[in-house]
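Below, chains carry the letters A, B, ... as their sequence lines are ordered, and counting in each starts from 1.
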Amino acid sequence: MDSNKVDMFILSNGKFFESNQLIYIREQLLAMDDSKWSLVQTIQFKDPTTSIIVSILAGTLGIDRFMIGDTGLGIGKLLTCGGIGIWAVVDLFLIMGATREKNFAKFQQLLY
Amino acid sequence: MSSTFIYHPTESEAEKASNSYLMSLIAIMVGFPLPIINLLATLFFYIANRKSTYFVRWHCIHALLSQLSLFVINSIGFWWTISVLIREDEQVSNPYLAYIITVFVVNVVELGMTIAAAIKTRKGHHVFWWFYGPLTQLICKP
Amino acid sequence: MGISRKNLYILIMLFCVSGYSWLVMHLDSRWVNVVGSVCVFKKVTGIPCPSCGATRSMIALISGDLINGVLWNPIGLLLLGGLVIFPFWLLHDLTLKKNSFHVFYASVEKTIRQKRIAWPLIVLVLLNWCWNIYKGV
Amino acid sequence: MKKTILQAFILLSIAAGIYLLISRVDWMKLFRVEKMTDALEQKLGDMVWAGMDEQSIEEGKEYDRVDSLVTAICKSNGFERKKIKLHIMGDSEVNAFALPDRHMVVHTGLINAVHNNDELSGVLAHEIAHMELSHVMKKLLKQMGYTLLISITTGEAGGGAIKELLGMLSSTAYDRKLEKDADIKAIEYLKKAGISPNGFADFLYRLGEKDGSLGSLSWISTHPDSKERARYIRGE
């Protein structure tokens with residue numbers, strides 16, 4: 001794929017991934033067929049900043065987990081009052097990483 | 001004190017390691033009268049990150065160990081306070097007041113060190129506390 | 001995608017261990033008086049969260065009081081059911097090296113994500129929440 | 001490994017050292033714990049009393065009778081009579097209780113229930129013992145601590161708490177150990193005043209029988225095992 005396009009993608013979507021994943025993503029994109037470009041552009045990534053805000057506001061209700069697609073964990077959190085508060089606190093610091101992992105998994109699905 | 005780590009951590013590693021310290025601070029505030037909350041929180045944080053890179057794991061354990069000793073000290077203070085408040089044969093006494101003040105001092109020192117550690121690890125520096133550092137080194141292998 | 005088998009099993013084990021220790025703590029009524037509500041949501045907003053009262057519900061259920069158990073919060077029924085069933089299920093899976101629970105979990109997650117299942121569930125949770133607030137749990 | 005153990009040992013010693021150093025200071029004196037407790041007691045006493053003022057009778061035949069008995073006990077035991085604020089209340093309930101800051105409340109129901117002055121002296125000595133042993137404040141502080149704890153943890157602090165607290169006091173529900181302590185002290189006071197504790201024992205025994213003629217028996221309902229108490233008072 002054209003390196004210009006790849007750099008544009010990295011620039012606009014960089015915040016959705018871990019910094020160490022970006023190198024890998026860049027390599028994958030460069031090796032990718034041009035026909036997939038439109039597909040790459042249509043993927044909706046979740047913003048880690050949004051998820052941490054949701055986590056702060058409604059973490060004890062598990063909304064943050066529902067949002068990034070961990071439905072089971074969200075239910076667990078909802079039913080246990082955010083893991084008696086402890087899980088909610090821990091998740092406050094995990095949710096951004098978890099969101100990026102989800103985004104990365106989504107990107108990887110595209111490759112196969 | 002801080003020293004160099006065996007490798008230079010990336011930005012995301014530094015952030016996660018720093019989070020482990022930050023989280024212990026928040027957990028103390030959320031669970032205030034109960035000392036076990038911060039211990040459990042750091043433990044769960046470590047479990048969630050146990051597959052992470054060496055730098056992140058190292059700092060999770062570092063934070064966990066420091067919270068563990070804090071938990072012991074604070075628990076004694078907590079239950080002593082409860083018994084002073086509830087039991088008829090336990091009164092506010094000089095040893096009690098001295099202990100509570102000691103607990104306070106220890107917690108403030110810990111608080112300062114944790115904040116410093118959170119800032120330093122965020123910048124990618126390796127924080128290495130006296131006693132806790134070598135202990136973590138023993139537990140956490142690359 | 002989704003949670004790995006190992007992570008799920010660790011999580012469920014954590015849930016069971018902490019759930020049982022939580023219940024044992026609450027069997028001693030003095031503990032309830034000393035600690036009171038731990039719900040962060042209730043402390044901050046002043047209104048009970050959807051699962052507030054679940055502990056009291058479970059305590060009532062354990063002592064055989066089915067009616068009060070449901071009245072406190074039906075979620076207690078779900079949680080207690082999980083606490084009773086999960087350990088056996090996990091034990092079965094781990095000893096026979098199977099992954100039936102993981103499969104079950106994944107299928108539940110998939111089912112729940114379907115809109116025609118999700119919406120009624122959300123409404124149910126919200127109704128239960130309203131009931132909780134009305135009861136003043 | 002060895003170094004880490006050594007460091008652990010040093011760290012523990014430092015912590016212990018800090019504690020020992022801090023405990024050298026007399027914090028009780030520094031924080032004026034006792035003085036603050038006294039001031040609090042006075043305030044609480046005034047507060048409780050403010051709510052009961054109207055029903056109190058501070059003169060008349062019954063007041064004089066109780067007053068003379070209290071004075072007699074105080075005199076022979078070397079207590080300052082002036083410090084005890086005696087209040088008689090027109091209430092048919094058989095009850096007497098001590099409030100913070102040495103307010104002593106005696107119901108007319110109790111005065112009518114006793115057969116003679118010895119019996120009345122026994123009850124009065126018991127309440128004075130509660131005051132002298134600072135049971136009132138001890139109990140109140142525990143109750144306050146408890147309420148405080150609950151309000152911190154549940155976040156449901158309110159005006160109801162303090163009201164409940166004061167209600168607790170008038171019910172005189174002390175725990176068993178404090179009651180026994182007060183009984184033993186009361187016997188001591190009675191003996192010094194030259195009054196036979198048998199009267200007190202008789203009274204307790206009668207309460208234990210739950211004699212219908214006594215009317216409402218709140219004093220006894222909060223003081224359990226009155227027959228047993230009568231027995232050990234006789235045995236002394």
Side-chain angles (χ1 to χ4, degrees), chain B residues 1 30-37 61-62 65-66 68-74 76-110 113 128-141, chain D residues 1-34 36-37 40 133-155 173-182:
Chain B
M1 60 193 97
V30 169
F32 164 62
L34 294 176
I36 197 162
I37 304 286
I61 290 184
H62 203 223
L65 287 176
S66 71
L68 188 67
S69 42
L70 207 62
F71 165 71
V72 174
I73 292 171
N74 287 358
I76 296 171
F78 175 74
W79 289 110
W80 200 343
T81 307
I82 295 279
S83 62
V84 161
L85 285 176
I86 291 174
R87 281 175 54 183
E88 310 259 348
D89 52 350
E90 191 70 50
Q91 299 278 313
V92 174
S93 59
N94 213 43
Y96 169 73
L97 288 174
Y99 188 79
I100 293 299
I101 291 163
T102 313
V103 168
F104 183 73
V105 169
V106 170
N107 274 277
V108 167
V109 170
E110 161 86 24
M113 284 174 74
F128 194 87
W129 284 345
W130 202 75
F131 169 64
Y132 294 104
L135 191 63
T136 312
Q137 207 74 48
L138 284 176
I139 297 171
C140 186
K141 299 277 177 249
Chain D
M1 185 72 194
K2 250 187 189 164
K3 208 175 134 200
T4 315
I5 294 173
L6 186 72
Q7 285 188 346
F9 186 71
I10 293 171
L11 210 63
L12 276 175
S13 322
I14 291 173
I18 291 174
Y19 173 66
L20 286 176
L21 212 68
I22 288 176
S23 62
R24 302 296 297 170
V25 182
D26 192 350
W27 297 101
M28 295 288 274
K29 217 173 182 178
L30 204 68
F31 289 150
R32 302 204 194 103
V33 171
E34 261 140 51
M36 266 159 51
T37 318
L40 184 68
L133 296 170
S134 59
H135 285 173
V136 187
M137 224 27 210
K138 259 187 206 164
K139 164 129 195 77
L140 194 64
L141 284 179
K142 293 295 140 174
Q143 197 56 41
M144 271 169 70
Y146 203 67
T147 321
L148 184 76
L149 214 63
I150 291 172
S151 65
I152 287 174
T153 48
T154 57
Y174 296 99
D175 82 355
R176 236 160 245 243
K177 192 182 160 290
L178 295 189
E179 282 306 333
K180 193 159 184 175
D181 286 354

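- The side-chain hydrogen bond (donor to acceptor under 3.5 Å, both in side chains) contacts involving residues 94-109 of chain B comprise B:N74-B:N107, B:T81-B:Y96, where partners must be two or more places apart or lie in separate chains.
- Listed by sequence position, D:Y19, D:I22, D:S23, D:V25, D:D26 are the residues of residues 19-26 of chain D in contact with chain B, using a 4.5 angstrom heavy-atom cutoff.
- Taking CD1 from D:I5 and CZ from B:F131, the interatomic distance works out to 9.5 Å, rounded to the nearest 0.5 Å.
- Side-chain contact check for D:Q7 versus B:P134: some heavy-atom pair is nearer than 4.5 Å.
- Interface remark: B:L138 contributes side-chain atoms only to the contact with chain D (heavy atom separation under 4.5 Å).
- Between the CD1 atom of B:I139 and the CD1 atom of B:I61 there is a distance of 6.0 Å, given to the nearest 0.5 Å.
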Given D:I10 and B:W130, is the side chain to side chain contact (heavy atoms under 4.5 Å, CB included) satisfied, shown in steps?
CA-CA 11 Å; D:I10 293 171; B:W130 202 75; 3.8 Å; yes

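- A 4.5 Å side-chain heavy-atom check between D:L11 and B:Y132 finds at least one atom pair inside the cut-off.
- In this structure, D:I18 and B:V106 have side chains that are not in contact, with every pair of non-hydrogen atoms separated by 4.5 Å or more.
- Interface residue B:S93: only backbone heavy atoms are found under 4.5 Å from chain D.
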